[in-house]
Amino acid sequence: MADAARTYVTTPIYYVNDVPHIGHAYTTLACDVFARFMRLDGHEVFFLTGTDEHGQKVDKAAAAAGMAPKPFTDKVSENFRALASAMDISNDDFIRTTEPRHYRACEALWRRIHDAGDLYLGDYGGWYAVRDEAFYRESETTVQPDGTRLGPTGAPVEWVKEPSWFFRLSAWQDRLLAFYAANPDFIAPESRRNEVISFVKSGLEDLSVSRTSFTWGVPVPGSDGHVMYVWLDALTNYITAAGYPDEAHPRWRFWPADLHMVGKDILRFHAVYWPAFLMSAGIAPPKRVFAHGWWTVEGQKMSKSLGNVVDPHAVIGEFGLDPFRFFLLREIPFGADGDFSRRAMIRRLNIDLANEFGNLAQRTLGFVARNLDGMLPSPDVLGGDDEALLAQAKGLLPLMRAEMRRQAFHAALESAWQVVREANSYIDRQAPWKLRKADPVRMGTVLWTLAETLRHLAILLQPVMPRSMARLLDQLGVDARDRDFAALARPLPGGHAVPTPEPLFRKVEDKEGQGA
RNA sequence: GGCGGCGUAGCUCAGCUGGUUAGAGCACGGCACUCAUAAUGCCGGGGUCGGCGGUUCAAGUCCGCCCGCCGCUACCA
């Protein structure tokens, strides 16, 4: 490859007011694993995450904290950096919507869309409750027998209009449908794609894209009193970080993004509004938007009122980072909803990681340490059983590549575990402990075959469990320069010393009475 | 209400354009092994594939109806 393939992957920008929980950790982790996989596979990767820091809520929260908005967001956006750090996230940039570069990008994008004739000034109306100082959706209001209309809090609401800029979304319906038809992989999973298409087909209204009722946002160029409303501000972050509007910026080569990872709640903004904005501005839309599912906790919906919001830091503290990362991507088909429970977490850690995988490494490398003075043997003549296992290990890269391409993280891991199980079966069949005296040369070949299989697994699982797999590669004596996917094609030579292994994963005792 | 999807072993799910005795993992039972983090391997029980009725030489796999469940049906960042 003269010109390395490039990959651009993004998380949503997280609303800075939120407290980071398992859901944020999940989205970011999925992107991280994808980014790490592509890097190891030779791609030049740009991986972006960040925080969304504008809006009335932030303004109010800052006021409540007795702070100006900017210093307030400086402080709370740290929560999300801390989460990324605790999760070993390999993002290349962290964008904040309060940065000057983002204001420049928003203004430039606004002007392009305005010049294209897709913005016009009108009135935005909504049901406003003076008592709550909030707007409500019509569906949230109820009409009393006496004819008064009340909001969800019981406060009376009135129809209030404010001047607002509108994006002519209604004009983009056909072009969006054509875009979806021409790009069948643009929205995943497929069920979500169907929903979006059906939504667009049902007819699109123009979109209110500015507000005059608050000031904490990006000012609309040439329109005093207006700040950009959420969509045009937040979504723009993806091109801001790529250097927009400087199309000569080195990072602009990464646009269009290969993958916007989002929760299913914000799919519409990414799959409908965002490509429409971009096409209006003459910018290529992203290649793919993946909407993943939600986690429940011990069978219940996660909510502040139930007090069951899972703090990722606590889980990492109890089970370790890599087991947590593994669990999140292994437990459920990516895209579907899932349940986080102690029982399930412990089962994955103890069985999949400690017993099946960790113990496979331990029994192999421990044997080498104890019986061969830590000298990893070189292979002699390979037999059919050896070659079958090695072929399965070598087949893993193309298999996992295909699964990663469609974000089937669970399937990629399952295919790796098929090799783990086969290796355990192989070691029992070959019984190197019996060969020790009977046929030491054959024993060496068996141990090498296992080590080479472990090397494949360790290299390929680095994206999911970077720390543990680095340890395993250390234990196998694999040089730091030989740990990318290209190195898979160069067999482990053997004949070198390896350290006495330490268990890769520590089991956790399953306490009774916990969880469902 | 409209549109879309789902209902397959105790649990979580695979089963592409219909084709021999319906699969995996977990859980459960038996056996083997004892190199290993009391780990692992092998074998096995168990399913009227939601119900009814069609199409077909042949249907979890297509069609119709019914029952149950879920998602979407726009301005919260």
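All chains are named by letter (A, B, ...) in the order of the sequence lines, taking the proteins before the strands, and each is independently numbered beginning at 1.
- Straight-line distance from the CD1 atom of Ile332(A) to the C1' atom of C11(B): 16 Å, rounded to whole Å.
- Remark: the separation of the C1' atoms in C69(B) and C26(B) is 24 Å, to the nearest Å.
- Atom CE of Met345(A) and atom C1' of C26(B) are 16 Å apart (whole Å).
- Looking at heavy-atom distances under 4.0 Å, Asp206(A) makes contact with a base.
- Using a 4.0 Å cut-off between charged nitrogen and carboxylate oxygen, Glu190(A) and Arg406(A) do not count as a salt-bridge pair.
- A 3.5 Å limit on both hydrogen-bonding distances identifies no Watson-Crick or G-U partner for U55(B).
- Protein atom CH2 of Trp417(A) is 13 Å distant from nucleotide atom P of C26(B), rounded to whole Å.
- Remark: aromatic rings of Trp165(A) and His114(A) are close, center separation under 6.0 Å.
- G68(B) is paired with C6(B) under the Watson-Crick or G-U wobble criterion, all donor-acceptor distances under 3.5 Å.
- Within 3.5 Å, no donor on the side chain of Asn355(A) pairs with an acceptor on the base of A39(B), nor the reverse.
- With hydrogens and angles left out, the side-chain atoms of Glu356(A) and Asn424(A) include no donor and acceptor closer than 3.5 Å.
- With ring centers used as reference points, Phe340(A) lies under 6.0 Å from Phe327(A).
- Of the candidate nucleotides C76(B), U37(B), G71(B), U37(B) has the atom lying nearest to any side-chain atom of Gln362(A).
- As the counterpart of G60(B), no nucleotide is assigned, since no Watson-Crick or G-U wobble pattern has both distances under 3.5 Å.
- Minimum atom distance to the side chain of Ser425(A) is reached by G41(B), of the listed C3(B), C35(B), G41(B).
- Toward the 5' end of RNA chain B, the nearer of the two residues Arg370(A) and Asn424(A), judged by each one's closest nucleotide, is Arg370(A).
- If you check C72(B), U37(B), G4(B) against the side chain of Asn194(A), the one that comes closest is G4(B).
- Counting only heavy atoms from C-beta on, Asn359(A) has its side chain closest to A36(B) among A36(B), G41(B), U73(B).
- Nucleotide A24(B) is matched to U12(B) when pairs are restricted to Watson-Crick or G-U wobble geometry with both distances under 3.5 angstrom.
- Taking for each of Leu169(A) and Ile266(A) the nucleotide of RNA chain B with the nearest heavy atom, the 5'-most of the two is the partner of Leu169(A).
- The partner of C33(B), taking Watson-Crick or G-U wobble pairs whose two distances both stay under 3.5 Å, does not exist in any strand shown.
- Across the strands present, G1(B) finds its partner in U73(B); the criterion is a Watson-Crick or G-U wobble pair with both atom distances under 3.5 angstrom.
- Using a 4.0 Å heavy-atom distance criterion, Arg192(A) is classed as a sugar-phosphate-only contact.
- Between Lys507(A) and A39(B), a side-chain N or O to OP1/OP2 separation shorter than 4.0 Å is present.
- Remark: P of G71(B) and CG of Leu267(A) are 15 Å apart, rounded to the nearest angstrom.
- A salt bridge links Asp386(A) and Arg442(A); the closest N-O separation between the charged side-chain nitrogens and carboxylate oxygens is under 4.0 Å.
- Using a 4.0 Å cut-off between charged side-chain N and carboxylate O, Lys434(A) and Asp439(A) make no salt bridge.
- Among the protein residues, Pro432(A) comes within range of no part of the nucleic acid, since none of its heavy atoms lies under 4.0 Å from any strand.
- In this model, the phosphate group of C26(B) is not approached by any side-chain N or O of Arg348(A) to a distance below 4.0 Å at OP1 or OP2.
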Reading nucleotides 12-17 of chain B from 5' to 3' and marking B where a protein heavy atom lies under 4.0 Å of the base, S where only the sugar-phosphate is that close, and - otherwise, the string is ------

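- Across all strands shown, Phe367(A) has heavy atoms under 4.0 Å from sugar-phosphate atoms exclusively, and none from any base.
- Note on ring orientation: taking the six-membered ring where Trp is involved, the planes of Tyr103(A) and His54(A) are perpendicular (angle over 60°, cut-offs 30° and 60°).
- Counting only heavy atoms from C-beta on, Trp433(A) has its side chain closest to C33(B) among U37(B), A74(B), C33(B).
- C76(B) atom P lies 11 Å from atom CZ of Phe214(A), rounded to whole Å.
- Using a 4.0 Å cut-off, no side-chain N or O of Ser202(A) falls inside it from OP1 or OP2 of G2(B).
- For Arg363(A) and Asp428(A), the salt-bridge test passes: some basic side-chain N is under 4.0 Å from an acidic carboxylate O.
- Nucleic acid contact for Gly55(A): none, since no nucleic acid atom lies under 4.0 Å from a heavy atom of the residue.
- Because its glycosidic torsion is within 90° of 0, G60(B) is reported here as syn.
- Here A36(B) presents its P atom at 10 Å from CZ of Arg436(A), a figure rounded to the nearest Å.
- If you check every strand for non-hydrogen atoms under 4.0 Å, Gly203(A) touches a base.
- A donor atom on one side chain and an acceptor atom on the other are not found under 3.5 Å apart for Tyr14(A) and Ser77(A).
- Checking G25(B), C35(B), G71(B) against the side-chain heavy atoms of Arg421(A) singles out G25(B) as nearest.
- Here A38(B) presents its P atom at 14 Å from CD1 of Ile351(A), a figure rounded to the nearest Å.
- Comparing C26(B), C72(B), A74(B) against the side chain of Leu204(A) picks out A74(B) as the nearest.
- If you measure from atom CZ of Phe199(A) to atom P of G5(B), you get 19 Å, rounded to the nearest angstrom.
- Annotation: C28(B) and G46(B) have their C1' atoms spaced 10 Å apart (nearest Å).
- Using a 4.0 Å cut-off between a side-chain N of Lys or Arg and a carboxylate O of Asp or Glu, Glu78(A) and Arg81(A) qualify as a salt bridge.
- As judged by a 4.0 angstrom heavy-atom cut-off over every strand, Arg429(A) is placed among residues making no nucleic acid contact.
- Closest to the side chain of Arg268(A), out of U34(B), G4(B), C72(B), is C72(B).
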